[in-house]
Asks: 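Submitted below is the structure of interest, expressed as structure tokens.
Chain letters run A, B, ... following the sequence lines, proteins first, then strands; residues in each count from 1.
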Amino acid sequence: MKLLILCEKPDVKRKFEKALGGTTGFFNGNYFQIVASHGHLLTLDEPANQVSASLKPKYADWSNINYLPWNLNDFSWKNVFKTDNDRATFNYIEQASFDKDAIVIATDNDPSGEGDVLGWEIVNALDWKGKVYRIRFADETPKGIIKSLNNWEDATEQFKQPIYLAGLARQRFDYASMQYSRMALYFARQAHHSPATLRLGRLKSVILNKIYLQTKAINEYVKKPFYEVRFKDSNGNIFKRSFDEATDMFRFNSRTGAEKDLINYVQNNVVIIDETKGKSKQPPALLDLGRLSVLLAKKGYTPKQILTTYQRMYEAGIVSYPRTADTKITQGNFDELLPLAPKIADVVGVSKSLLTHKLSRKKFIITKADHGANRPGLNVPNSLTEISAKYGALGQLIYETLAKSYLAMLCEDYEYDQIKAHLNLNPDFKSEINVPKKLGYKAIFDESSLNDDDDEEQNTLFSNSASPFIFEGANPKPKLPTHKFLINYLDKTGIGTAATRLSTISDISEGDRALIQLKKRVYCLTGLGKLQAILSLDCKIADEKTSKKLFDLMNLVKKNQANWKDIPNLINDMVLADKEIMQRNITKLKNVRINMKEVEYITGKFNGQDVAFKREWGGHKFTDTEVQALLAGQSIKIRVKSGEVSGRLARQQYNDTLFWGFKAEEKIYDEKTYITGKFNGQEVHFKREWGGHKFTDSEIQALLAGQVIKFSVKGGEVSGKLDQQQYKGKPFWGFKVEDKKYDEAVYATGMYDGEEVHFKRVWGNHIFTTNEIQTLLAGGSVSFDTAKGNVKGILAKQKYKGKSFWGFKPEIDIDPDNYVTGKFRGKIIKFKRVWGGHRFTDEEIAALLAGKVISFRNINDFQVEYTAHGKLAKQSFKNSEGKTINYYGFKFLTPEAAAEFKLKE
DNA sequence: GCAAGGTC
């Protein structure tokens, strides 16, 4: 038999080749050829293309919600290729399939059935009539792959594959959830908001809902301070009574109440130890992409930066596969990486003597992993510098963090004593502390900062006695929706994989249509996001339980206990119920200020029909008179940037979407800026000027005749001809450069990495010397003095207004987001922008640099608000090697000290 | 224009 082995991606194909000894060969007497897809090659076509011709207008309509919910029986569930590249990949798979007898679906074994859906999509597009086998490898080691091939299942009967059906149902459910975006847009317009589009779904909407409600809870938080007597020993250990709302007699609303109580307690109350228990803790689970991002977000990196850098490192084999659902690894994965541990430890500066636990602990191991948890890859770099050179500071941080989380697995347990004590004269006052005995894995990786509650305090032993003091507390303030907060929350909902969640957060926090944005390390909603969140309040689509229900049903399908066909229709029940709720939510929008870049739509009657169209066209905003004329079916003339356009309102089509809008019928270009002429018999318009050069009459003749012309511009000489080009997807005619000769006096020319580059000889006021030019071309850095101070930089390809050019690039301050650079006492210095969770405002920074004392309200780790005073000062600390490190930073002052400084000011 | 799931 001849087999076609279909992998999900090229990376896995390579693992198969390694296991089977080549792309083609024989296995168990069968000839095989391995091919790889590239994720999903196909996707469900647009709604309007899924239905019969008579239903098309209904499914293409965005202005009407009478059609919702959709009838999913109308759908043909037709797949289309996502891109031309995907079609090409398919063609290569198809070619390979022609002489084969059976296909082996060797796509990933996701518990969601996604790999099965992906595989069958391709098999179905091949119109395959032969045998189909499914293999599910435990890991991507040769052993795992070969074992899976020896245990293949006959899967020829596609609709008897429960896991596939579960995946297929999920896909249709989510696809049908598109209705929500149309519905919400309709209601937004009812509330007189006109966003270009909204994006609702069971993941996106849950994120928005959580941020909305959390922000609301914070805004509505009312601090209720309380005061009570507690004891503290000389090591800072606190003794307190257990608090019970019903029987409480010791908590006061005012300080004076507690002050009166304080008299009842004596100083130096003797500490009695009740119990000392030896305890231990195993290293934490390996990091997933979400938890990794939490650690990196603290340093100011965005999900997008983390995802792209991790991906690049994965492609180089330095880190493991990013988009895994696994939090554990197989014994095979473990054995594979273990021999590399000493080298990894060297790279990240971890002492090898700590790596004594060479047997895998049960908690890390599973029998079957999709790719295994995120961990260092099999390509171990030689040094951190090597990583940072290629992947920047973030790359280095990713590797260090991931490596330490992995190496922690090979360390011994963390051991500590849990000690309980009470006070002799006041036995109600108790304390429980954890005192470290042996750090074990915690010496290299401390997971406590990943937890929502950083309650893993490590204490020092009790001292002999404790004295009373007045403790000021408050009802806890709801947590800020930071990245950590959001990731930990989504973890609990279980929607998607950690990587999917991260990429969705990235997706909705970037670009013009962003729904959320990070401000001072806290997520908040954009105008668009707020609009969506309010419209979806109390709706099922924004309910975290919706995904849970979906997954529960999918699990039943997997066990043959439910019919997969019932799942997609559930979204329709939701749409029906949420339609009413959303309609009611419109009123909630009325009292909310929403800042949004709005696309204004005009609504009115055209030939007796309700229409909505954009008020702007080509930068021109229709006046009310023009709107009346358009609705009356008249032709109007408007001015746009490049000339005068006449046209009228018309039903038009863009891709598969019908819409109403102004349709240009005739355009007269401004003669001053445009030339109108005939090119190959076609009327063309192009700009009279290019790069500051105004074309002469003879040049215009030559251009229209298709000839190459040559003229001088600033910095050199260009040659080129007239050609049709594209700008932002729209075609235009204009001069197109074919060759540029650079003026040697202005530009330096040379080779950089095998590419000819030209760059300006001058940067600021500095003229590069011949030596400096050579250094720059060799990739070296050059530094020189300017009026603003010393500048150091390298040669780099840069972008300006969308055009790329080569030039000197000054070294940007490391992490400008986290550090402030400024002049302090006549010197350029850097200092941290955040102190104790507080991010200094621009005004505060200016005051600090001016040497002034500033004060601000802040919240401490116990969620208690207090006023912090301080100023900028040169400070120092001793690092682990005992070396004194000097630095500038905010120096906290007591209120008394601050007042004294302020007096001097 | 709209999802969530893959891929790089």
Asks: From C-beta outward on E114(A), which listed nucleotide comes closest to its side chain: dA3(B), dC8(B), dG6(B)?
Replies: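 Among the listed nucleotides, the one closest to the side chain of E114(A) is dG6(B).
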
Asks: OP1 or OP2 of dA3(B) versus the side-chain N and O atoms of R172(A): is any pair under 4.0 Å?
Replies: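 No, R172(A) has no side-chain N/O under 4.0 Å of OP1/OP2 on dA3(B).
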
Asks: Contact class for Q311(A) (heavy atom, under 4.0 Å): base, sugar-phosphate, or nothing?
Replies: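 It contacts base atoms.
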
Asks: Of all the choices, dG1(B), dC8(B), dG5(B), which nucleotide is nearest to the side chain of K82(A) once you look at every atom?
Replies: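 Looking only at heavy atoms from C-beta outward on K82(A), the closest nucleotide is dG5(B).
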
Asks: Counting only side-chain heavy atoms from C-beta out, which of dT7(B), dG1(B), dA4(B) sits nearest to H38(A)?
Replies: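 Of the options given, the side chain of H38(A) lies nearest dT7(B).
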
Asks: Starting at atom CG of L307(A), determine the distance to atom C1' of dG6(B), rounded to an integer number of angstrom.
Replies: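 Answer to the nearest Å: 14 Å.
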
Asks: Taking OP1 and OP2 of dT7(B), is either one under 4.0 Å from a side-chain nitrogen or oxygen of Y321(A)?
Replies: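 It does, given that an N or O in the side chain of Y321(A) lies less than 4.0 Å from OP1 or OP2 of dT7(B).
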
Asks: Using a 4.0 Å heavy-atom cut-off across all strands, classify E8(A) as base, sugar-phosphate, or nothing.
Replies: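 Sugar-phosphate: the residue E8(A), judged by heavy atoms under 4.0 Å, touches backbone atoms but no base.
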
Asks: How would you list, by chain and number, every residue that makes a side-chain hydrogen bond (donor to acceptor under 3.5 Å, both in side chains) with D288(A), sequence neighbours excluded?
Replies: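 By the side-chain hydrogen bond (donor to acceptor under 3.5 Å, both in side chains) rule, D288(A) matches no residue at all.
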
Asks: Give me each pair satisfying salt bridge (Lys or Arg N to Asp or Glu O under 4.0 Å) with a member in residues 112-126 of chain A, each pair once, sequence neighbours excluded.
Replies: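 Checked against salt bridge (Lys or Arg N to Asp or Glu O under 4.0 Å) - neighbours excluded - the pairs reaching residues 112-126 of chain A are E114(A)-R170(A), D116(A)-R134(A), D116(A)-R136(A).
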
Asks: Does a salt bridge link E544(A) with K548(A), judged by any charged N lying under 4.0 Å from a carboxylate O?
Replies: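 No, no charged N to carboxylate O under 4.0 Å.
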
Asks: Specify the separation, in whole Å, of atom CG of D45(A) and atom P of dA3(B).
Replies: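 To the nearest whole Å, that distance equals 16 Å.
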
Asks: Touch check for D86(A), heavy atoms < 4.0 angstrom, all strands: base, sugar-phosphate only, or nothing?
Replies: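 It contacts nothing in the nucleic acid.
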
Asks: In whole Å, what is the span from the NE2 atom of H371(A) to the C1' atom of dC8(B)?
Replies: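 Nearest whole value for this atom pair: 14 Å.
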
Asks: Counting any heavy atom closer than 4.0 Å, what does I495(A) reach on the DNA or RNA strands: base, sugar-phosphate only, or nothing?
Replies: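 Answer is nothing: I495(A) stays at 4.0 Å or more from every strand.
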
Asks: For R199(A) and dA3(B), is the shortest distance between a side-chain N/O and OP1 or OP2 below 4.0 Å?
Replies: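 No.
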
Asks: dG6(B), dC8(B), dG5(B): which one has an atom nearest the side-chain heavy atoms of L118(A)?
Replies: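 So the side chain of L118(A) is nearest to dG6(B).
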
Asks: Would you mind reading off the distance between H40(A) atom NE2 and dC8(B) atom C1', rounded to a whole angstrom?
Replies: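 In whole Å, dC8(B) C1' lies 15 Å from H40(A) NE2.
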
Asks: By nearest heavy atom, map L185(A) and L42(A) onto DNA chain B; which one lands nearer the 5' end?
Replies: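 Going by which nucleotide is closer to the 5' end, it is L185(A).
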
Asks: H193(A) has an atom NE2; how far is it from atom C1' of dG1(B), in whole Å?
Replies: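 Between C1' of dG1(B) and NE2 of H193(A): 19 Å.
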
Asks: Taking 4.0 Å as the cut-off, does a side-chain nitrogen or oxygen of T497(A) come that near to OP1 or OP2 on dG5(B)?
Replies: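 No, T497(A) has no side-chain N/O under 4.0 Å of OP1/OP2 on dG5(B).
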
Asks: A cation-pi test, strictly: NZ or CZ of K9(A) under 6.0 Å from the centre of the six-membered ring of Y321(A) and no more than 45 degrees from its axis. Yes or no?
Replies: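 Checked: cation-pi criterion met.
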
Asks: Any idea which of dG1(B), dC8(B), dA4(B) is nearest the K204(A) side chain?
Replies: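 Per side-chain heavy atoms of K204(A), the pick is dA4(B).
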
Asks: As a test of understanding, state which of I586(A), L525(A), L589(A), L208(A) forms a side chain to side chain contact (heavy atoms under 4.5 Å, CB included) with I534(A).
Replies: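 Checked I586(A), L525(A), L589(A), L208(A) against I534(A); only one passes side chain to side chain contact (heavy atoms under 4.5 Å, CB included): L589(A).
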
Asks: Would you mind checking if K328(A) and D326(A) are paired as a salt bridge, meaning a charged N to carboxylate O distance below 4.0 Å?
Replies: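 No, D326(A) and K328(A) are not salt-bridged.
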
Asks: Reckon G115(A) touches a base, only the sugar-phosphate, or nothing at all at heavy-atom distances under 4.0 Å?
Replies: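 No contact.
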
Asks: With sugar-phosphate meaning primed atoms plus P, OP1 and OP2, does T107(A) contact a base, only sugar-phosphate, or nothing at under 4.0 Å between heavy atoms?
Replies: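 Touches nothing.
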
Asks: Within the distance-only criterion (no hydrogens, no angle test), does the side chain of N124(A) pair as donor or acceptor with the backbone N or O of W120(A) below 3.5 angstrom?
Replies: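 Checking the backbone N and O of W120(A) against the side chain of N124(A), a donor-acceptor pair under 3.5 Å is found.
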
Asks: Take the protein atom CZ of R170(A) and the nucleotide atom C1' of dA4(B), then report the distance between them rounded to whole Å.
Replies: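 Distance, rounded to whole Å: 5 Å.
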
Asks: Side chain of T500(A), heavy atoms from C-beta onward: which of dG5(B), dG1(B), dA3(B) has the nearest atom to it?
Replies: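 Looking only at side-chain atoms, T500(A) lies closest to dG5(B).
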
Asks: Just the rounded figure in Å: distance from P of dG1(B) to NZ of K614(A).
Replies: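 Whole-Å distance recorded here is 10 Å.
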
Asks: Which residue, Y314(A) or W70(A), contacts DNA chain B at a nucleotide closer to its 5' end, judged by nearest heavy atom?
Replies: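 It is W70(A) whose nearest nucleotide is closer to the 5' end.
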
Asks: Is Y180(A) stacked on the base of dA3(B), meaning ring centres closer than 5.5 Å and planes within 30 degrees of each other?
Replies: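 It does not: the ring fails the test against the base of dA3(B).
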
Asks: Starting the side chain at C-beta, find the nucleotide from dA4(B), dG6(B), dC8(B) nearest to D174(A).
Replies: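 Closest nucleotide to the D174(A) side chain: dA4(B).
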
Asks: Just to be sure I understand the rule, does R182(A) reach a base, reach only the sugar-phosphate, or reach nothing, if contact means heavy atoms closer than 4.0 Å?
Replies: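 The residue R182(A) makes base contact.
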
Asks: Send over the distance from L72(A) CG to dA3(B) P, rounded to a whole Å.
Replies: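 Value for this atom pair: 17 Å.
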
Asks: Report yes if at least one side-chain N or O of R202(A) is closer than 4.0 Å to OP1 or OP2 of dG5(B); otherwise report no.
Replies: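 For dG5(B), OP1 or OP2 has a side-chain N or O of R202(A) closer than 4.0 Å.
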
